[in-house]
Amino acid sequence: MGSATLNSMDRIRDYKYYTALEWPRLLSGTGYLGSFDFDYENRIVIDQMCWRLLLRDEVEQSDTENDAEPAAEEKPAHLYQPGVATQNGLIHRHFHHVSLNYYNFLAFVSAVEEINNSSELLPNLTLGFHIYTPYNNLLLTYTIAMNILSGMDSGIPNYSCKTSGPLGAVIEGIAAEHSSEISSLSRIYHYPEINYISGNLVMSDTVKFPYFYRTVPSELHLCAGIVKLLKHFGWTWVGVIACTDENSVRAVEILKEGIEKSGGCIEFIETISQSNLLMVQDIANIRNTIIISSIKVIILYCNRDHTELVKYTPIWQAPGKVWIITAESLFTSPSYYVDRKSLLGFTARKKNIPSFHKFLREVNPALFPSDSLTEEWWKDLCNNRCPKSIQRSCSSDETSNYLSHCDIAILGSSYNIYNAVYGLAHALHDMITSSSVNTTLWSGKSESVLDFLPWKLHHYLKNLYFKNVLGEEIFFDENGDLAIGYDIISTVYLPDGTRSHEIVGSYNPYASSGKGFTINEKAIVLEDLFSKAPPHSGCSPSCNPGFWKLTRKGTSICCYDCIPCSEGEVSNQTDMDTCITCPEDQWPNQKREACIPKVTTFLSYKEPLGITLTFVIIFFFLITAVILKIFIYYQDTPIVKANNRDLSYILLISLMLCFLCSLIFIGRPEKVTCILRQIVFGITFSISLSSVLAKTITVVLAFHAIKPGNKFRKWMSSRFSNCIVLSCSLLQALLCVIWLCTAHPFPYLNMKSETGTILIECNEGSIVAFYCVLGYLGFLAGISFIIAFLARNLPDSFNEAKYITFSMLVFCSVWISFIPTYLSTKGKYMVAVEIFAILASSAGLLFCIFLPKCYIILLSPERNSRKFLSKTCND
């Protein structure tokens with residue numbers, strides 16, 4: 001290891017010397033991806049960097065300063081730098097993959113140099129690192145892990161050689177399945193491991209991986225973000241393509257559960273096998289499934305290797321599909337590489353680090369290992385189309401004619417590496433400055449606190465909290481995941497034929513409720529699918545307001561028919577599972593999408609029906625008053641006196657009251673009017689019918705009283721007739737009093753009888769009492785009808801029994817027909833039927849009994865004489 005007294009540029013120069021042998025292997029990729037029918041293992045080369053953190057306190061380094069430069073033959077084959085460390089894995093299909101790998105390396109170097117040059121953070125320690133590349137080989141990964149943990153290239157188990165300084169932690173970016181193997185070993189030695197690319201769900205198990213941390217969120221949150229994206233656009237019918245690795249299988253299960261819980265469905269879940277022999281058949285099957293499917297949205301949940309692979313298969317050629325991807329590799333192509341697909345991708349949130357950009361602009365490339373690829377990489381930063389934040393000032397011969405990487409929106413994993421290095425440094429700083437270890441660290445003993453680093457550092461990583469240079473709060477949650485969210489990226493195709501990757505939304509599971517998910521639809525351009533509205537993806541079209549979803553039998557919940565809401569129910573949103581019942585005083589509008597107040601109705605004086613009935617009532621009242629006046633004017637004539645003049649007056653007055661009581665039925669029902677309606681009607685009608693009954697009995701008694709010595713003559717007085725009227729009326733009045741005392745009528749809002757209408761009506765209170773009153777009137781009418789019918793042929797000068805018979809026949813006919821009609825009508829028409837029955841029956845009594853007498857009085861006065869009556873009687 002180089003001396004700690006070297007300055008920053010000396011250390012980087014030293015790094016150049018040590019890495020000359022390994023650098024071509026690191027940056028060269030020979031794999032070529034062409035047609036589909038070839039051996040997968042032979043055409044994709046995985047290149048991965050593993051950075052091992054080394055520490056050396058300045059006190060110990062001063063003793064070894066003269067031994068800073070080891071002999072060339074003693075240099076290790078792996079990459080070495082007295083600074084700090086990490087690991088990365090990328091597919092070397094194109095040069096831009098190497099570019100991103102190089103961004104990661106430079107970000108790491110930049111972060112280490114900043115910390116080593118800082119006077120506040122770890123002022124007495126120098127950080128260094130070793131870099132390893134396992135090339136996605138599991139055996140090589142194990143070998144490198146043992147080399148890291150033992151401190152030797154031979155990798156002897158259970159042995160630690162401290163030739164370069166104590167090992168602090170491992171920062172890696174290799175595949176998740178390999179990362180877990182390193183974690184199993186580091187767990188034995190208690191070394192913290194920090195990953196900066198993998199959100200693997202399996203690694204969230206803190207019991208199995210207690211020393212594992214990462215500067216990216218767990219894919220558990222990724223699944224939740226995808227569900228929120230689908231829900232935002234209303235995509236309820238989707239397909240899923242996933243790999244067969246453990247992480248993808250578990251993630252798809254979580255994703256399926258979340259989609260179904262949010263009301264969506266998955267039409268198909270297809271998997272791509274890890275085996276080369278089965279992969280071709282899997283892709284052919286998936287292509288056929290997509291062709292016959294009706295889905296518009298496909299979720300591609302695979303690792304970055306398989307995601308890149310899918311791009312070169314027939315699966316990717318399916319038109320009119322929106323792809324939601326979980327690996328960012330498809331967003332790392334340069335702008336001139338145009339693949340017009342509708343893409344929405346989730347990537348761990350990444351931001352620009354000003355100090356890193358400054359490092360890219362100002363660092364001397366000659367300090368780093370060089371080959372043809374790296375020379376082109378540095379020249380690309382000189383292009384005028386490169387962003388100003390990283391554009392270098394170069395001579396004309398140093399400028400590249402085309403862009404290969406500097407227009408890529410995502411500069412590798414530089415942001416995550418930056419947080420990993422600084423997080424580790426802050427944890428070290430907190431441990432050193434802690435009062436609990438302060439005496440041990442600076443006690444002057446030969447044994448340094450760094451000898452006990454791993455298990456102590458783990459405690460401070462768990463409780464890590466600091467703000468980075470961007471002012472963001474950095475801390476690990478209970479699972480060891482950095483508390484950051486995701487950016488949602490979409491591809492924008494520019495007029496010049498190039499493309500740009502834009503951040504169109506974000507998802508932060510750690511944000512407060514309602515603020516975690518944001519999306520900018522206007523910034524999304526997906527094959528013109530968003531030109532008017534987001535594409536619809538569902539088994540069935542959305543059900544508009546006014547309808548509800550009825551799931552089809554034997555299908556998923558996303559396949560349904562739209563059923564109109566029933567009467568009294570509405571649905572005010574799209575795709576409602578059930579309709580909502582309106583409150584009693586409200587009713588659905590015509591489209592049944594909102595509840596509106598019901599229309600209140602009653603028989604009013606202002607409406608045509610009420611006006612007509614009012615005029616008819618007044619008309620009959622006036623006719624009755626005229627007839628009464630005629631009878632009073634001609635009270636001494638024989639025809640007026642023939643059938644008990646007093647009873648005629650009582651009958652006419654009661655009929656006038658019957659006509660007038662009908663007016664109480666018109667107008668808004670109130671408490672008083674509801675009581676008066678039936679009570680006044682029942683008593684006045686009972687008086688009328690009692691008078692008719694008394695008249696009928698008088699006719700019968702008059703016939704029998706003409707015989708000499710007949711005992712009925714004493715009942716012929718007006719007192720007897722008046723007693724009949726009074727007793728019958730009082731009995732009706734008693735029934736009405738009982739009605740009022742038990743359950744009197746009251747105003748009632750009837751909201752169920754008529755659709756969309758509130759009927760303001762009078763509730764009879766006691767239906768039994770109501771029909772008892774009507775039944776008593778029917779009883780009086782029936783007795784009068786029977787007696788009058790039996791007496792219709794009695795020989796009298798003016799037999800009134802005939803006319804009473806006709807009047808009772810009319811009366812009974814009206815009220816018999818009234819009952820079924822009354823029960824079959826509702827609202828104001830029910831009231832109108834009752835008014836009509838009162839008017840018709842009253843008019844029947846008036847005209848049948850009094851019209852013939854008025855005819856004689858007014859038009860045949862010669863018949864209104866005693867002489868004519870005697871002559872008629874003798875005949």
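Nothing here was measured: the structure is a model prediction, and the numbers come from that model.
Ring geometry for Phe466 versus His426: interplanar angle under 30°, hence parallel rather than tilted (30 to 60°).
Listed here is the closest heavy atom pair of His429 and Leu122: ND1-N, 3.2 Å. Summarising the geometry of Glu114 relative to Tyr418, their closest heavy-atom pair is OE1-OH, 3.6 Å, with the distance given to 0.1 Å. Taking each heavy atom of Ala107 and Ile417 in turn, the nearest pair found is C-CG2, 4.5 Å. For the residue pair Tyr486 and Leu222, the shortest heavy atom distance occurs at OH-CB, 3.4 Å. Across every non-hydrogen atom of Ile241 and Cys302, the tightest pair is O-SG, 4.3 Å. Between Ile353 and Val469, the shortest heavy-atom contact is CG2-CG2, 4.3 Å.
In Glu362, the CD atom is crowded: over 12 heavy atoms of neighbouring residues, nucleotides or ligands sit closer than 6.0 Å.
Here the side chains of Phe346 and Ile324 are in contact, with some heavy-atom distance below 4.5 Å. Using a 4.5 Å cut-off on side-chain heavy atoms (C-beta onward), Ile484 and Lys350 make no contact. Taking 4.5 Å as the limit, some side-chain heavy atom of His221 sits within range of a side-chain heavy atom of Tyr510. Considering only heavy atoms from C-beta on, Phe356 comes within 4.5 Å of Leu106 through its side chain. Side-chain contact between Tyr211 and Glu193 is absent, with no heavy-atom pair separated by less than 4.5 Å. Arg392 is not listed as a side-chain neighbour of Leu360, based on a closest heavy-atom distance of 4.5 Å or more. Side chains of Tyr507 and Leu229 form no contact here, defined as non-hydrogen atoms less than 4.5 Å apart. Side-chain contact check for Arg349 versus Asn508: some heavy-atom pair is nearer than 4.5 Å.
Not counting sequence neighbours, the partners of Lys208 by the side-chain contact (heavy atoms from CB on, under 4.5 Å) test are Asp205. With sequence neighbours left out, Leu138 forms a side-chain contact (heavy atoms from CB on, under 4.5 Å) with Tyr142, His178, Glu181.
Remark: the backbone N or O of Gly480 is not paired with any side-chain donor or acceptor of Arg214 at under 3.5 angstrom. No donor-acceptor pair under 3.5 Å is formed between the side chain of Asn479 and the backbone N or O of Asp481. Panel note: side chain Asp380, backbone Glu376; no donor-acceptor pair is recorded below 3.5 Å. Side-chain N or O atoms of Asp245 include one that pairs as donor or acceptor with a backbone N or O of Ser248 at under 3.5 Å. Between the Ser413 side chain and the Asn416 main chain, no donor and acceptor come within less than 3.5 Å of each other.
Atom OG of Ser183 and atom CD1 of Ile188 lie 11.5 Å apart (nearest 0.5 Å). Note that CD of Glu113 and OG of Ser110 are 8.5 Å apart. Values are rounded to the nearest 0.5 Å. For the atom pair Leu424 CG and Ile115 CD1, the distance stands at 8.0 Å (nearest 0.5 Å). Considering OG of Ser389 and CZ of Arg361, their distance stands at 7.0 Å, rounded to 0.5 Å. Atoms SG and CD1, on Cys382 and Ile390 in that order, are 11.0 Å from each other to the nearest 0.5 Å. Atom OG of Ser414 sits about 10.0 Å away from atom CG of Asn419, to the nearest 0.5 Å.
Results of the side chain to side chain contact (heavy atoms under 4.5 Å, CB included) test with Leu344 over Ile489, Val504, Ile325 single out Val504 as the only residue that passes.
When ring centroids are compared, Tyr213 and His458 come within the 6.0 Å threshold. In this structure, Phe105 has its ring center under 6.0 Å from that of Tyr102.
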(message) Pair Thr326, Glu219 - check side-chain hydrogen bond (donor to acceptor under 3.5 Å, both in side chains), show working.
(response) CA-CA 9 Å; Thr326 59; Glu219 290 186 14; 6.0 Å; no

(request) Check the pair Phe212 / Asn200 against side chain to side chain contact (heavy atoms under 4.5 Å, CB included), numbers first and verdict last. (result) CA-CA 12 Å; Phe212 180 80; Asn200 191 289; over 6 Å; no

(message) For a side chain to side chain contact (heavy atoms under 4.5 Å, CB included) check, start with the C-alpha distance between Ile197 and Ile174, then their side-chain angles and the critical distance, and finish with the verdict.
(response) CA-CA 8 Å; Ile197 64 168; Ile174 60 177; over 6 Å; no

(message) What verdict does the side chain to side chain contact (heavy atoms under 4.5 Å, CB included) test give for Thr206 and Glu478, after you've listed the backbone C-alpha separation in whole Å, the side-chain angles of each residue and the deciding distance to 0.1 Å?
(response) CA-CA 8 Å; Thr206 56; Glu478 64 276 4; over 6 Å; no

(request) Show your reasoning for whether side chain to side chain contact (heavy atoms under 4.5 Å, CB included) applies to Cys394 and Trp378. (result) CA-CA 10 Å; Cys394 309; Trp378 286 106; over 6 Å; no

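The closest side-chain donor-acceptor pair between Glu172 and Ser179 falls under 3.5 angstrom.
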